[in-house]
**Student:** 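Mind looking over this structure? Questions follow.
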Amino acid sequence: MQRAWALGKTCYLPVLHGIRPQRLWFAAYRPGDDLVYNRFGIAEPNSPRREWVHARCLDIICTPLVAFDAQGNRIGMGGGFYDRTLAFMQRRRSWRRPHMIGLAYEFQKVDIIAHRPWDVPLQAVVTEQRVYRQHEML
């Protein structure tokens with residue numbers, strides 16, 4: 001995030017939506033902004049809901065994961081929040097924004113993960129050892 005800020009970029013963090021609790025919105029986060037803990041104990045920006053943006057407004061989403069495979073499939077943290085939030089991407093034919101990047105450790109790479117119809121594939125995965133780009137994962 002320090003690098004992004006140095007380049008003049010705005011960083012957003014996921015926020016759980018209170019009314020639609022199974023989806024994520026994204027709130028701008030700047031150095032020194034207040035954070036509050038959500039129901040899972042995860043820190044979120046303490047910003048008004050009117051300032052939150054939908055995932056389709058973002059260029060890149062870096063997502064956590066438990067495991068990933070060479071086809072760009074991922075196993076998430078178990079709540080399905082990213083799958084529901086990004087379901088709109090399955091209906092698009094060409095424009096694929098936001099780009100999906102998984103954040104993982106090398107030991108989380110597995111041979112194969114069963115793909116489900118609602119899964120949104122990763123375009124890259126960054127580990128402590130290397131960056132796997134989509135063409136390298138396939």
Side-chain angles (χ1 to χ4, degrees):
M1 289 173 62
Q2 295 290 337
R3 175 101 169 131
W5 290 325
L7 294 171
K9 307 294 182 186
T10 302
C11 295
Y12 292 82
L13 296 178
V15 178
L16 295 179
H17 191 287
I19 296 169
R20 299 186 76 188
Q22 300 300 314
R23 289 191 172 61
L24 299 171
W25 284 76
F26 295 85
Y29 177 70
R30 295 163 198 86
D33 282 357
D34 288 335
L35 297 171
V36 294
Y37 292 95
N38 66 26
R39 66 182 182 268
F40 297 111
I42 299 169
E44 299 176 339
N46 188 22
S47 61
R49 196 174 283 174
R50 70 180 177 277
E51 295 177 10
W52 298 356
V53 299
H54 190 277
R56 72 174 52 94
C57 299
L58 302 176
D59 293 318
I60 298 169
I61 293 179
C62 296
T63 179
L65 54 85
V66 173
F68 70 99
D69 69 12
Q71 288 72 42
N73 296 309
R74 70 182 270 277
I75 295 176
M77 306 303 262
F81 291 95
Y82 282 93
D83 291 328
R84 282 186 291 280
T85 301
L86 300 168
F88 72 94
M89 292 181 70
Q90 296 293 10
R91 297 183 294 275
R92 293 186 174 172
R93 301 222 185 268
S94 57
W95 182 51
R96 300 305 289 179
R97 195 177 103 183
H99 298 287
M100 296 298 300
I101 300 174
L103 302 176
Y105 290 103
E106 195 67 30
F107 71 82
Q108 292 173 286
K109 186 170 190 262
V110 298
D111 290 335
I112 191 161
I113 294 172
H115 177 77
R116 303 268 167 61
W118 56 82
D119 290 339
V120 176
L122 299 168
Q123 292 163 305
V125 176
V126 178
T127 73
E128 78 283 7
Q129 292 183 11
R130 66 177 288 196
V131 175
Y132 295 90
R133 289 177 176 75
Q134 189 174 44
H135 68 276
E136 294 171 335
M137 290 194 302
L138 297 175

**Student:** In Å, rounded to the nearest 0.5 Å, how long is the span from OH of Tyr29 to OG of Ser47?
**Tutor:**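 Result: 12.0 Å between the selected atoms.
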
**Student:** For Phe81 and Phe40, take the angle between the two ring planes, folded into 0 to 90°, and tell me which bin it lands in: parallel under 30, tilted 30 to 60, perpendicular over 60.
**Tutor:**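 Phe81 vs Phe40 ring planes: perpendicular.
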
**Student:** Taking it one step at a time, do Thr63 and Ile101 satisfy side-chain contact (heavy atoms from CB on, under 4.5 Å)?
**Tutor:** CA-CA 6 Å; Thr63 179; Ile101 300 174; over 6 Å; no

**Student:** Is it possible for you to say whether Met1 and Met100 belong to one hydrophobic cluster, with membership spreading through side-chain heavy-atom contacts below 4.5 Å?
**Tutor:**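 Hydrophobic grouping puts Met1 apart from Met100.
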
**Student:** Nearest 0.5 Å, what's the CD-CG distance between Gln2 and Leu7?
**Tutor:**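 These two atoms lie 11.5 Å from each other.
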
**Student:** Looking at Phe88, does the NZ or CZ of Arg56 lie under 6.0 angstrom from its six-membered ring centre and within 45 degrees of the ring axis?
**Tutor:**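 The answer is yes, since Arg56 meets both limits relative to Phe88.
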
**Student:** Would you call Asp59 and Arg97 a salt bridge, taking side-chain N to carboxylate O under 4.0 Å as the test?
**Tutor:**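 So Asp59 pairs with Arg97 through a salt bridge.
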
**Student:** Under 3.5 Å, is there a donor-acceptor pair between the side chain of Arg30 and the main chain of Trp5?
**Tutor:**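 Checking the backbone N and O of Trp5 against the side chain of Arg30, no donor-acceptor pair under 3.5 Å is found.
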
**Student:** Between Lys109 and Tyr132, is any pair of side-chain heavy atoms under 4.5 Å apart?
**Tutor:**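 Side-chain contact under 4.5 Å: yes.
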
**Student:** Hey, any chance Leu35 and Trp52 share a hydrophobic cluster, counting ILVMFWY side chains that come within less than 4.5 Å of each other, even indirectly?
**Tutor:**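 No.
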
**Student:** How far apart are the closest heavy atoms of Leu122 and Asn73, and which atoms are they?
**Tutor:**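 Here Leu122 and Asn73 meet closest at CD1-O, 4.5 Å.
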
**Student:** Shortest non-hydrogen contact from Gln71 to Asp111?
**Tutor:**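 For Gln71 and Asp111, the tightest heavy-atom pair comes out as OE1-O, 4.0 Å.
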
**Student:** Please name the pair of heavy atoms, one in Cys11 and one in Ala4, separated by the smallest distance, quoted to 0.1 Å.
**Tutor:**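 Looks like SG-CB, 3.7 Å.
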
**Student:** Less than 4.0 angstrom from a charged side-chain N to a carboxylate O is my criterion; do Asp119 and Arg116 meet it?
**Tutor:**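 Salt bridge flag = no for Arg116 with Asp119.
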
**Student:** Without swapping roles, check the side chain of Gln108 against the backbone of Leu65 for a donor-acceptor pair under 3.5 Å.
**Tutor:**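 Pair found, side chain donor or acceptor close to backbone of Leu65.
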
**Student:** Is there a donor-acceptor pair under 3.5 Å between the side chain of Asp69 and the backbone N or O of Ile113?
**Tutor:**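 Indeed, once roles are kept as given, a pair shorter than 3.5 Å links the two residues.
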
**Student:** Using 0.5 Å steps for rounding, measure from the CG atom of Leu86 to the CG atom of Leu58.
**Tutor:**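 Nearest 0.5 Å value for the CG-CG distance: 9.5 Å.
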
**Student:** For the atom pair CD1 (Ile61) and CD (Gln123), what is the distance rounded to the nearest 0.5 Å?
**Tutor:**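 The CD1 atom of Ile61 sits 10.5 Å away from the CD atom of Gln123.
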
**Student:** Shortest non-hydrogen contact from Pro98 to Met89?
**Tutor:**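 Looks like O-CE, 3.2 Å.
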
**Student:** Please name the pair of heavy atoms, one in Gly76 and one in Val66, separated by the smallest distance, quoted to 0.1 Å.
**Tutor:**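 Distance-wise, the nearest heavy atoms are O-CG2, 3.0 Å.
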
**Student:** For residues Asp34 and Pro45, determine if any side-chain heavy atom of one lies less than 4.5 Å from a side-chain heavy atom of the other.
**Tutor:**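 The answer is no; the side chains never approach within 4.5 Å.
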
**Student:** So Arg74 and Tyr82, do their side chains get closer than 4.5 Å, heavy atoms only?
**Tutor:**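 Sidechains of Arg74 and Tyr82: in contact.
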
**Student:** Does OH belonging to Tyr37 count more than 12 external heavy atoms closer than 6.0 Å?
**Tutor:**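 12 or below, so no.
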
**Student:** If you take all heavy atoms of Asp33 and Ala28, which pair is closest and at what distance?
**Tutor:**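 Where Asp33 meets Ala28 most closely, the heavy atoms are OD2-O, 4.0 Å.
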
**Student:** Distance from Glu44 atom CD to Leu13 atom CG, nearest 0.5 Å?
**Tutor:**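 Glu44 atom CD to Leu13 atom CG measures 9.0 Å (nearest 0.5 Å).
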
**Student:** Do you reckon Tyr105 sits in the same ILVMFWY cluster as Val131, going by side-chain contacts under 4.5 Å, direct or chained?
**Tutor:**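 In one cluster: no.
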
**Student:** Which label fits Trp25 and His54: parallel for a plane angle under 30°, tilted from 30 to 60°, or perpendicular past 60°?
**Tutor:**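 It falls in the perpendicular class, over 60°.
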
**Student:** Are side-chain heavy atoms of Phe68 and Ile75 found at a separation under 4.5 Å?
**Tutor:**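 Sidechains of Ile75 and Phe68: no contact.
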
**Student:** State whether the side chain of Thr85 and the backbone N or O of Leu24 hold a donor-acceptor pair below 3.5 Å, judged by distance alone.
**Tutor:**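 Judged by distance alone, yes, a pair lies under 3.5 Å.
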
**Student:** Between Glu128 and Glu106, is there a donor-acceptor pair closer than 3.5 Å when you use the side chain of the first and the backbone of the second?
**Tutor:**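 A pair under 3.5 Å: yes.
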
